[in-house]
J.: 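Attaching a single structure in structure tokens format; questions to follow.
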Amino acid sequence: MGEARGAGEKVSLLLTTRFGNAFAVNTWNTYTWKPAPAEADIILPRAEGAKPWQWAAVPKDGFHVLRHTYASIMLEAGESVVTLARWLGHSSPAITLGYYAHFVPEAGSKGRTAFDGLLGERGDRQAGRNSPDSPQAR
């Protein structure tokens, strides 16, 4: 992972073909990825007589789901959206937020906690009573 690379620049890949090349995603999904969860009865198998690429499984069952899983786990662990956007190769953190904002835990609580610290104990009690997370606010 890292910053986007220029054309022709070599980077280390997590998964490669036996020749060290990047996978062709459609080939990987068709012949490697989807047969494995189908065999384990996680997704529907390919219908009898269907062509190799004609899976009943929807696109979300493809290999790309691992990218989304990785991104959501990173955000739930508190990783920066800016850093994750760079790792995923998004041109802007706004794109990352568009897909994954619902995975950002405790949104707003860090800011409230920091401001409460500036106000001291008296401010903590006041902010706690007025906080959207307080029992009185429900």
Side-chain angles (χ1 to χ4, degrees):
M1 286 183 285
E3 295 181 38
R5 306 283 197 239
E9 187 175 342
K10 293 193 177 225
V11 296
S12 296
L13 299 173
L14 182 61
L15 299 171
T16 64
T17 67
R18 63 185 170 163
F19 304 108
N21 300 320
F23 284 109
V25 69
N26 290 335
T27 301
W28 172 261
N29 271 326
T30 299
Y31 296 103
T32 305
W33 178 257
K34 288 187 179 179
E39 184 69 26
D41 291 326
I42 295 171
I43 66 172
L44 294 172
R46 190 171 50 235
E48 191 170 324
K51 299 204 177 344
W53 61 88
Q54 294 176 321
W55 284 88
V58 295
K60 73 174 182 64
D61 294 325
F63 187 72
H64 196 75
V65 74
L66 294 182
R67 178 181 168 92
H68 292 297
T69 302
Y70 169 78
S72 59
I73 289 170
M74 290 294 103
L75 288 173
E76 287 177 341
E79 185 56 71
S80 156
V81 173
V82 173
T83 299
L84 184 62
R86 189 175 66 242
W87 289 347
L88 294 174
H90 290 165
S91 60
S92 162
I95 293 169
T96 308
L97 278 173
Y99 284 107
Y100 303 109
H102 58 288
F103 288 108
V104 179
E106 306 281 332
S109 67
K110 289 180 182 177
R112 284 194 309 269
T113 301
F115 197 77
D116 289 349
L118 290 173
L119 298 175
E121 186 179 328
R122 181 172 163 247
D124 286 343
R125 283 189 302 229
Q126 184 69 26
R129 263 198 322 270
N130 295 324
S131 169
D133 299 327
S134 72
Q136 293 88 351
R138 291 184 189 129

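What you see is a predicted model; the values in this text were computed from it and never measured.
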J.: So which atom in A38 and which in P45 form the shortest heavy-atom distance, rounded to 0.1 Å?
T.: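 Taking every non-hydrogen atom into account, CB-CA, 4.0 Å.
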J.: Is there a path of hydrophobic side-chain contacts, each under 4.5 Å between heavy atoms of I, L, V, M, F, W or Y residues, that connects I73 with L75?
T.: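 Both belong to a single hydrophobic cluster.
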J.: If only atom types and distance count, is the side chain of T30 paired as donor or acceptor with the main-chain N or O of T27 below 3.5 Å?
T.: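 Not at all, since once roles are kept as given, no pair shorter than 3.5 Å links the two residues.
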J.: L97 and Y70: same hydrophobic cluster, using ILVMFWY side-chain contacts below 4.5 Å?
T.: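 Yes, L97 connects to Y70 through the hydrophobic network.
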J.: Does the side chain of W33 reach to within under 4.5 Å of the side chain of I43, using non-hydrogen atoms?
T.: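 Counting from C-beta outward, W33 and I43 never come under 4.5 Å.
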J.: Could you tell me which non-hydrogen atom of P93 sits nearest to which non-hydrogen atom of A85, and how far apart they are?
T.: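 Scanning both residues completely, I find the closest heavy atoms to be CA-CB, 3.7 Å.
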J.: Any donor-acceptor pair under 3.5 Å linking the side chain of R67 with the backbone of L88?
T.: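 Yes: the side chain of R67 pairs with the backbone of L88.
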J.: Nearest 0.5 angstrom please: R46 CZ to K34 NZ, how far?
T.: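 R46 CZ to K34 NZ: 10.5 Å, rounded to 0.5 Å.
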J.: Please tabulate, one pair per line, all N/O donor-acceptor pairs under 3.5 Å involving side-chain atoms of residues 77-84, not counting sequence neighbours.
T.:
residue: S80; atom: OG; partner: V82; partner atom: N; Å: 3.1
residue: S80; atom: OG; partner: T83; partner atom: N; Å: 3.2

J.: Pairing donors with acceptors under 3.5 angstrom, does anything connect the side chains of Y100 and H68?
T.: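 A pair is found: one side chain offers a donor N or O, the other an acceptor, under 3.5 Å apart.
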